[in-house]
Participant: 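Got a structure for you, written out below as structure tokens; questions coming shortly.
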Amino acid sequence: MLDRDTRHALEIPASPGDGDEGWLTSYLDVLTLLITLFVLLLSLTPPGGGEASDSALMRAANAIPSIPLASLATGIRPRHEGLQPQFSGLNIPGVSVSQGREGVTLRIDDSLLFASGQAVLTSQGRGVIESLIEALTNFDGQISVEGHTDNIPIATARFPSNWELSSARAIAVVRHLERQGFNISRMRAVGYADTQPMETNTTPDGRAANRRVELLLKQQVADD
């Protein structure tokens, strides 16, 4: 018979909290122990052990709990789950909202923000960025402003390559938010040049889609 400490160690949390995923690790540990016990019983059972051996093995097999797929699906959830509806109502022309593995992305067409080969926000671009401030203020996670270009080389005194151009455009967005009073302590500016294309760079439409600025919103993980 199991003593009290052993029984306590095998207890499975009945109703884990929404944000607590530690229960799943304990659950899988118990499952591993039970499978090991089943294999051990099987190895110790002599050939032709009769109905008694079969009955013991059946009881051991029935003792191994099944894990519903729904429990696994809800047990581990992205920290940004549910953020997309918060931003889907923006309805700003040229700004799209998508949800991926890392978080929610607000994607802005490059043509709305900058003139060709420039990193100074146009008046239209400033208006687009300002229209996002209220939604960004209501978001309490990390915001990564990411600049992207097509693969057409640029070589000017200010921008020797697309790396400098994409980085400068990301910084321009962050600086404009700062001038509008937005707290940028949760922000960073990143330039990716042409390393993360969305479409092919072999067509004008594809290159236009690749020239963009994205705001990646990552939900902040609470400390345990």
Side-chain angles (χ1 to χ4, degrees), residues 78-154 156 158-201 203-220:
R79 295 290 184 178
H80 58 267
E81 182 182 37
L83 284 181
Q84 185 169 353
Q86 179 180 342
F87 296 95
S88 59
L90 289 175
N91 196 26
I92 301 173
V95 179
S96 61
V97 180
S98 62
Q99 185 163 313
R101 290 180 299 175
E102 293 188 76
V104 170
T105 297
L106 307 182
R107 183 172 296 116
I108 310 173
D109 292 347
D110 171 82
S111 59
L112 293 178
L113 302 177
F114 305 101
S116 177
Q118 301 297 316
V120 177
L121 284 167
T122 63
S123 58
Q124 182 184 25
R126 293 193 295 271
V128 171
I129 299 303
E130 290 165 14
S131 66
L132 298 174
I133 291 179
E134 181 178 357
L136 295 178
T137 300
N138 293 330
F139 173 70
D140 60 359
Q142 301 293 319
I143 303 173
S144 177
V145 181
E146 303 174 350
H148 300 266
T149 69
D150 59 25
N151 67 341
I152 303 299
I154 184 174
T156 65
R158 184 176 181 187
F159 306 119
S161 73
N162 282 321
W163 288 105
E164 287 82 6
L165 177 61
S166 61
S167 300
R169 287 179 168 178
I171 292 171
V173 171
V174 172
R175 290 304 185 197
H176 187 65
L177 286 170
E178 182 180 36
R179 285 192 293 270
Q180 299 304 308
F182 187 79
N183 181 4
I184 63 170
S185 61
R186 297 180 288 113
M187 305 188 76
R188 66 174 182 174
V190 185
Y192 285 105
D194 61 341
T195 61
Q196 296 188 8
M198 289 180 55
E199 305 289 345
T200 177
N201 275 307
T203 66
D205 288 344
R207 290 192 294 272
N210 293 332
R211 296 191 299 268
R212 66 199 189 275
V213 171
E214 296 179 344
L215 279 71
L216 176 60
L217 284 65
K218 300 180 181 180
Q219 187 64 59
Q220 205 159 10

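Predicted model only: the values in this text are computed from it and were never measured.
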Participant: Assess whether side-chain contact (heavy atoms from CB on, under 4.5 Å) is satisfied between Arg107 and Glu146, documenting all intermediate values.
Facilitator: CA-CA 9 Å; Arg107 183 172 296 116; Glu146 303 174 350; over 6 Å; no

Participant: Looking at CD1 of Ile129 and CG of Leu121, how far apart are the two atoms once the value is rounded to the nearest 0.5 Å?
Facilitator: 6.0 Å

Participant: For the residue pair Phe114 and Ala172, what are the closest heavy atoms and their distance?
Facilitator: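 Answer, listing the atom of Phe114 first, then Ala172: CE2-CB, 4.1 Å.
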
Participant: Just checking, any donor-acceptor pair under 3.5 angstrom between side chains of Gln124 and Thr122?
Facilitator: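 Absent: no donor and acceptor within the cut-off.
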
Participant: Can you tell me which residue among Arg212, Arg207, Glu199 is in a side chain to side chain contact (heavy atoms under 4.5 Å, CB included) with Asp150?
Facilitator: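 Going through the options one by one, the only one that passes is Arg207.
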
Participant: Would you call Glu102 and Leu216 a side-chain contact if the rule is heavy atoms closer than 4.5 Å?
Facilitator: yes

Participant: Would you check if Gln180 and Arg175 make a side-chain contact, meaning some heavy-atom pair closer than 4.5 Å?
Facilitator: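 Counting from C-beta outward, Gln180 and Arg175 never come under 4.5 Å.
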
Participant: Tell me, do Leu217 and Thr105 make a side-chain contact under 4.5 Å, heavy atoms counted?
Facilitator: no

Participant: If you measure from CG on Leu113 to CZ on Arg126, what distance do you get to the nearest 0.5 Å?
Facilitator: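 Rounded to the nearest 0.5 Å, the CG-CZ separation comes to 11.5 Å.
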
Participant: For the atom pair CG (Leu136) and CE (Met187), what is the distance rounded to the nearest 0.5 Å?
Facilitator: 6.5 Å

Participant: For residues Asn210 and Gln196, is any side-chain donor paired with an opposing acceptor at under 3.5 Å?
Facilitator: no

Participant: Applying side chain to side chain donor-acceptor pair (under 3.5 Å), run through Asn183 and Ser185 and close with a yes or a no.
Facilitator: CA-CA 6 Å; Asn183 181 4; Ser185 61; 2.9 Å; yes

Participant: What's the separation between atom CG in Asp109 and atom OG in Ser96, rounded to the nearest 0.5 Å?
Facilitator: 7.0 Å

Participant: Ignoring hydrogens and angles, state whether a donor on the side chain of Ser161 or Glu164 is under 3.5 Å from an acceptor on the partner side chain.
Facilitator: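 Yes, a side-chain donor-acceptor pair sits under 3.5 Å.
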
Participant: In terms of side-chain heavy atoms, does Thr149 have a donor or acceptor partner in Arg211 at a distance below 3.5 Å?
Facilitator: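 Judged by distance alone, the side chains do not pair up.
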
Participant: So which atom in Pro93 and which in Leu112 form the shortest heavy-atom distance, rounded to 0.1 Å?
Facilitator: O-CD1, 3.4 Å

Participant: Could you measure the distance from the CH2 atom of Trp163 to the CD1 atom of Ile154? Nearest 0.5 Å is fine.
Facilitator: 14.5 Å

Participant: Main chain of Gln118, side chain of Arg169: is a donor-acceptor contact present, judged purely on distance under 3.5 Å?
Facilitator: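 Confirmed, Arg169 side chain pairs with Gln118 backbone.
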
Participant: Considering all heavy atoms of both residues, which atom of Lys218 and which atom of Phe139 are nearest to each other, and what is their separation?
Facilitator: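 Closest pair (atom of Lys218, atom of Phe139, distance): O-CZ, 3.3 Å.
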
Participant: Distance-only, no hydrogens or angles: does the Ser166 side chain make a donor-acceptor pair with backbone N or O of His148 under 3.5 Å?
Facilitator: no

Participant: Does the side chain of Ile143 come within less than 4.5 Å of Phe182's, by heavy atoms?
Facilitator: yes

Participant: Measuring only between side-chain heavy atoms, which start at C-beta, is Val213 closer than 4.5 Å to Leu215?
Facilitator: yes

Participant: Between Arg186 and Asp140, does at least one N-O distance fall below 4.0 Å, as a salt bridge requires?
Facilitator: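 Salt bridge flag = no for Asp140 with Arg186.
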
Participant: Measuring from Ile108:CD1 to Leu132:CG, what's the distance to the nearest 0.5 Å?
Facilitator: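 Those atoms lie 5.0 Å apart.
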
